Amino acid sequence: MSATEDLFSTRMRKATRKIHNISDALVNAKFAISLRDEQVWGGGLFIFYHVFAYLEDAKARLNMPAFDKMFINKILYRKKAFEEDLAHYLGENWSSTPKSMALENYLEHLQELERSNPQLLLAYVYHLYLGLLSGGQILAKKRRMFGEDNTKQSTYTDKVTDFTGVDIAQLKKDFRQAMNEIAETMTEEEKAALIEESNTVFVMNNLIVNSVGGQNKVLTSLLYKFSAVAFVVLGVAVAYKLHK
């Protein structure tokens with residue numbers, strides 16, 4: 001493939017643009033603001049841990065060359081990093097946290113794909129790991145900037161979003177290239193199925209993000225604080241006019 005337009009990664013991006021934009025809006029509007037609360041951040045880590053862990057475990061079970069090719073750098077393995085972060089934010093008993101119905105459904109869907117058409121799991125590997133290298137980095141920076149503890153000295157560094165020592169831009173480029181090389185070995189029917197499943201990836205992600213607990217509490221708290229400030233400002237303005 002010589003033209004950028006012909007790259008399979010470009011076709012995937014265009015085909016998923018609409019649902020991807022919806023997913024970004026959901027995360028930014030409903031989840032990113034809740035990163036002020038460490039329990040909510042931990043809840044977000046918890047749901048995605050199970051998906052990433054499933055994919056990494058499936059890679060070992062399946063022994064598929066295409067699956068192996070996607071893990072172009074050992075730093076992409078994030079299961080252990082997730083577990084360290086979860087122990088920090090949710091405590092040593094984090095694994096006993098109940099899974100939401102949305103998460104259970106997600107994992108059942110992955111299990112069904114592994115049984116019936118494991119090649120489609122590549123859609124999840126591609127979009128989730130690329131998302132961690134892109135949007136995941138942005139969310140981590142927002143949390144450091146706007147979190148409740150951003151003024152406090154902290155010695156803990158989030159492990160799952162830490163890719164220290166690696167050129168992330170180059171890693172993403174190599175990751176896309178791996179996907180394009182895999183696609184060259186596929187039939188058009190297989191490519192179409194992978195693109196269709198790519199849309200499902202974002203639908204499933206949106207459902208589990210919606211299931212994260214504690215977000216409404218944080219939003220309500222922020223609205224209360226905003227309302228209180230607005231009330232004080234209004235009171236000052238009225239008092240100024242009365243005594244002008």
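Since we're looking at a predicted model, the values are computed, not measured.
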Backbone N/O of D158 and side chain of D162: donor-acceptor pair under 3.5 Å: no
task: First locate atom CG of N180, then atom OG1 of T10, and finally report the distance between them rounded to the nearest 0.5 Å.
output: 7.0 Å
message: Is any side-chain heavy atom of I75 closer than 4.5 Å to one of L171?
response: yes
task: Output the distance between atom CD (E190) and atom OG1 (T185), rounded to the nearest 0.5 Å.
output: 7.5 Å
statement: Rounding to 0.5 Å, atoms CZ (F46) and OG (S95) come to a distance of 8.0 Å
- prompt: Can you name the residues that form a side-chain contact (heavy atoms from CB on, under 4.5 Å) with A15, not counting sequence neighbours?
  reply: I195
message: Can you tell me if Q170 has over 12 outside heavy atoms packed within less than 6.0 Å of its CD?
response: yes
message: Taking side-chain hydrogen bond (donor to acceptor under 3.5 Å, both in side chains) as the definition, give me every residue that meets it alongside K99, ordered by chain and number, with sequence neighbours left out.
response: none
query: Say you draw a straight line from OG of S211 to CG of N206; how long is it, rounded to the nearest 0.5 Å?
result: 11.0 Å
field: Heavy-atom check, side chain of L121 versus side chain of L62, under 4.5 Å
entry: yes
task: Examine the side chains of Y49 and D85 and answer whether a donor and an acceptor come within less than 3.5 Å of each other.
output: no
- prompt: Which class fits the ring pair F82 and F52: parallel under 30°, tilted 30 to 60°, perpendicular over 60°?
  reply: tilted
Rounded distance (nearest 0.5 Å) linking atom CZ of R78 with atom CG of L76: 7.5 Å
message: Could you check whether any side-chain heavy atom of N105 comes within less than 4.5 Å of a side-chain heavy atom of L207, counting everything from C-beta outward?
response: no
task: Quick one: which residue pairs count as a side-chain hydrogen bond (donor to acceptor under 3.5 Å, both in side chains) with a foot in residues 59-74, not counting sequence neighbours?
output: K59-D68, K59-Y77, R61-E114, K69-E181
Co-membership, hydrophobic cluster, residues M179 and I168, 4.5 Å side-chain: yes
- request: Identify, with sequence neighbours excluded, every residue that meets side-chain contact (heavy atoms from CB on, under 4.5 Å) alongside K80.
  value: E84
field: Q39 side chain vs Y89 backbone, donor-acceptor pair below 3.5 Å
entry: yes
side-chain hydrogen bond (donor to acceptor under 3.5 Å, both in side chains) against E188, all qualifying residues, sequence neighbours excluded: K191
field: E197: partners by side-chain hydrogen bond (donor to acceptor under 3.5 Å, both in side chains), with sequence neighbours left out
entry: H109, Y124
